[in-house]
Every structure is written in C-alpha cells, then in structure tokens.
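Structure record follows, encoded as structure tokens.
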Amino acid sequence: MTSADTAVQPAAVPHDPLLAWRYRDFRLVAISRFAASLGEMMVSVAIGWEIYERSGSAFALGLVGLVQVLPIFLLSLPAGHIADRYNRKRLVLVSQAGLALVSLGLALVSFTHPIAGTTASYAAILQPLTLPIYAVVGNSLLPFYLLLFLFGVMRAFNDPASSTLLAQSVPPEVFGNAATWGSSAWQLASVLGPAFGGLMVAHFKSGAEVYLFNAVFNGIFVGLVALMRLRPIAQSDEPASLKSALAGFQFLRKSRVLLAAITLDLFAVLFGGATALLPVFAKDILHVGPEGLGWMRTAPSIGALLMVVTLAYLPPFKRAGKTLLLAVAGFGIATIIFGLSRSFVLSMLMLITLGALDNISVVVRSTLLLTRTPDEMRGRVAAVNTVFISGSNEMGAFESGVTAALFGPIGAVIFGGIGTLVVVGTVAWFWPEMRALGKLVE
C-alpha cells in the first residue's frame, strides 16, 4: 500500500440546490426583481388595453412598444459605461425612483382624462394638474407616449446597473446556482402579472389603479435595494468615450463562447416567435377563445418555472455547451410541432416545453455572463446583452407578423422553427468552443 493510498481524501461537498437563497443579499435581489417585474407585467396589460380603448387603432397599440424600446437602443451603451464607472447601487435607486414617478404620471393622466363611457370621481379634483399639458398637446394619446418614452429611458439606465446586483449579492462560487434561481423572479411575475393586471382593469375599467400599484412595487424595489450590503467589486476608471461605450461589444467579440451563447439566444427568439402569433392560433386555428389564449400565454412561463426548480436540484452541467445546443434545437422542434398542432392539449404541451428549454438557454447564458465578465465591465456587457435581447423580442414579433402575412400563421411558425434549427447547426459549426464547453463554474 502506497502513501497515496493511505492519504485522507477530501470529502465531496454535497450539492445544495438552495445555496443562493442562503445569502441575505440574494434574497433581497430576488424579491425586489419579482416586485418590479410583477408591476411591469401588470402595466403591459393595462397600457395596451387603455391605448386600444382610447384609439381603437392597432397602429396606436404598436407604438406602445416602439416608444419604449427606442431609448433602450439609443441609451443602453452609454448607460452601461455609467454603470461601470459609478456606484451601481445608487444608479439603480435613482432609476427605479424615476420609474415610480413615470407610473404616477401615467396614473394622473389616466385619472384626469377617463375613457369615454367611464366615470372617475377624482377626475374633477385632479384635472387642473394636467390642464397645462393638454393645453399644449391637445386631448390625445401623446402624454401617454411621452411618459412611456421616459419609462424606456429609465429602463435603459436601470437594466445594466440592476443586472450587476446579482454578481454582488453572492460570492463567485455561487454564481451558477444564483443564475439558475435568478430567472425565477421574472418567470413567476410573467405568470401572475398579466392575470393580476387583467383582473384590475376588468374591475376598475381603467389602467390608472394598475399604474399606482406599479409605483408601489417600484418603491418596494428601492427600499429593498437600499437594505442590501453588496460585496464591493472593481469599477472602471476609463473616461467617457466612444471606445469605452463600445468596449462591451469588443469584449464579446473576443469571448467566443459568450458571443455564441448570446447569438443562439438572439436568433432563437428572433425565429421562434410563436408567442407573437398566439392570438391568431387561439381564435382561428385552435378555436379556444380568450380563455384559451390566457392559458397559452401563461404556458411558457409555467415550463420555465418547472425547469428552474429542476435545474436547481440537478447537479451542475458537465457538458454545458452540448446541453445548450440541444436545448435550442429542442426549442426549434417544439416550435414546429406547435405550428402543426390542431390539439389544444398538444399545443399547450409544446408551449410549456418551449418555456422549459428556453430557460436552459437563459441559465447557461446568465451563468457565462456572471463567470466570464470582469467586474469592471459588467455594466457595459450587460448593456449589450440588453440591446440584443430587447431587439430580438421586438424584431421577433415583427418577423413573425411579416412572415404570417406572406405565408400564413402556420407557415410562419414552422419557418421559425426550421430557422432556429439552422441557427443551431451554424453556431455549432462556426463556434467549436461551444461544442467543447464543459462546466460553467469550476
């Protein structure tokens, strides 16, 4: 027997699926994210309903997304530089307070100019506060669009800074578990927010109360962030310049695995935009009406939540690259089956599968961003990621609409699924580093 045989081997550390939740700051980050996301989901329902009720125009409804995403495209990169240069916690507090004020502004405009056919007892009391605005712009939707544009401005500065809080809430060895659970707040809000927002709009016949609730949720976010004792991390000392603002792009260009993961997610959302056509499938193909549409919209988030819990209790990925490629390929196959389905049960199953497989992509990408981005560049890299994700969501819906107009909704969804499979094959061929990627966290 050799001395190596008799040496005491270190005991294996058992896998702790709830590891991230044992850190106080992570719990505060998760709860604050849930509160902010819940309010945002409720507002998305309320503002869409209110704009359409006031205008009866699908074009006016489409402008809701455009005016919010424009400032994100224009300001995210300089906002990322600011997040890396200055105190991120303070930036989050200011931007979230700004979001609360915008929500209060929406509530004020909605209260003082109620929708035709409805009455509000407080309208006469509050109306003098908005008379100067309407004296300039007239009795139109412009005040709503201006406030939504400001909403996008605040998000452009908030998203890069708030996304770095997760990295400061836990030590590096917990990044994998934290990234897995980190997506759960948004997914749970995606399930509950539209339902709560719809119920409130149905009860009050107005979006104003929803905007007030969102202001409260933003206030909760501010309070919880103020309580955080985040671990200090390195910050950038680069002066403001075009080179500094574009440093996030340069970093991703050199980090091939990160670029491959973001590319996969970008094009999977761009081509696999089945959710954008759900109203058409609910009404004209599956014939399940608005109730069925509600369930169909919720299904991807249900699948994502189930996957969050599953991944947390499973051991960490040993072949993360191949797992990601298979997950996105499965996303494309599920999209094709959904397009071909005439059964509501099968369609629901495919939507749940879409959400579950998409969450694997989210977890792998989030973990790679956490583990492979230097602390002093987290804001700029997060800003680029925000631009890509926001762009893919908006352009994915646009692509689905154009393709549906040309080839019908079924053809659009099937084409999207096939396009996703082509992207998987292209990424696997062009980035062999992704095929070879093993553990996400050593």
Side-chain angles (χ1 to χ4, degrees), residues 34-68 99-135 137-152 188-220 275-276 278-280 282-283 288-298 301:
F34 172 71
S37 299
L38 183 65
E40 187 176 332
M41 293 295 172
M42 293 173 66
V43 167
S44 68
V45 173
I47 194 68
W49 176 84
E50 182 151 8
I51 292 295
Y52 193 68
E53 281 290 305
R54 290 175 181 273
S55 67
S57 166
F59 178 74
L61 192 58
L63 288 177
V64 170
L66 180 64
V67 297
Q68 291 181 81
L99 287 169
L101 290 175
V102 171
S103 288
L104 290 175
L106 285 171
L108 182 62
V109 172
S110 183
F111 271 136
T112 54
H113 291 78
I115 295 170
T118 65
T119 57
S121 58
Y122 10 72
I125 302 173
L126 297 174
Q127 224 162 30
L129 296 175
T130 56
L131 281 177
I133 300 174
Y134 276 90
V137 302
N139 189 7
S140 70
L141 298 176
L142 188 56
F144 286 97
Y145 291 134
L146 290 174
L147 288 165
L148 290 173
F149 184 85
L150 289 176
F151 193 89
L188 184 59
S190 297
V191 174
L192 299 178
F196 288 167
L199 288 173
M200 288 188 67
V201 168
H203 178 74
F204 292 105
K205 301 294 187 290
S206 166
E209 290 79 6
V210 176
Y211 311 142
L212 286 178
F213 264 79
N214 187 50
V216 172
F217 289 139
N218 289 137
I220 292 172
T275 53
L278 286 184
V280 180
K283 180 181 179 182
V288 292
E291 296 83 4
L293 175 61
W295 282 107
M296 291 167 72
R297 285 198 178 278
T298 304
S301 293

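Since we're looking at a predicted model, the values are computed, not measured.
- Residues Leu38 and Phe213 form no side-chain contact, since every pair of their non-hydrogen atoms from C-beta on lies 4.5 Å or further apart.
- Not counting sequence neighbours, the partners of Leu188 by the side-chain contact (heavy atoms from CB on, under 4.5 Å) test are Phe34, Leu192, Leu305.
- Residues Ala46 and Gly207 approach most closely at CB-CA, 4.0 Å, considering heavy atoms.
- Applying the side-chain contact (heavy atoms from CB on, under 4.5 Å) criterion to Val45, with sequence neighbours excluded, gives Pro194.
- The distance from the CG atom of Leu106 to the CG atom of Leu146 is 10.5 Å, given to the nearest 0.5 Å.
- With a 4.5 Å cut-off on side-chain heavy atoms, Asn218 and Asn214 count as touching.
- Between Ala208 and Ala107, the closest heavy-atom pair is O-CB, 3.7 Å.
- In this structure, Leu104 CG and Leu147 CG are separated by 10.5 Å, a value rounded to the nearest 0.5 Å.
- Distance check: Ile47 CD1 to Ser110 OG gives 7.5 Å after rounding to the nearest 0.5 Å.
- Under the 3.5 Å distance criterion, the side-chain polar atoms of Ser44 are matched with a main-chain donor or acceptor of Met41.
- Between Val43 and Phe217 the shortest side-chain heavy-atom distance does not fall below 4.5 Å.
- Taking each heavy atom of Ala215 and Ala100 in turn, the nearest pair found is CB-O, 3.7 Å.
- Taking 4.5 Å as the limit, every side-chain heavy atom of Glu50 sits out of range of all side-chain heavy atoms of Val210.
- To the nearest 0.5 angstrom, Leu148 atom CG is 6.5 Å from Ile51 atom CD1.
- Of all non-hydrogen atoms in Phe111 and Leu212, the two that sit nearest each other are CE1-CD1, 3.6 Å.
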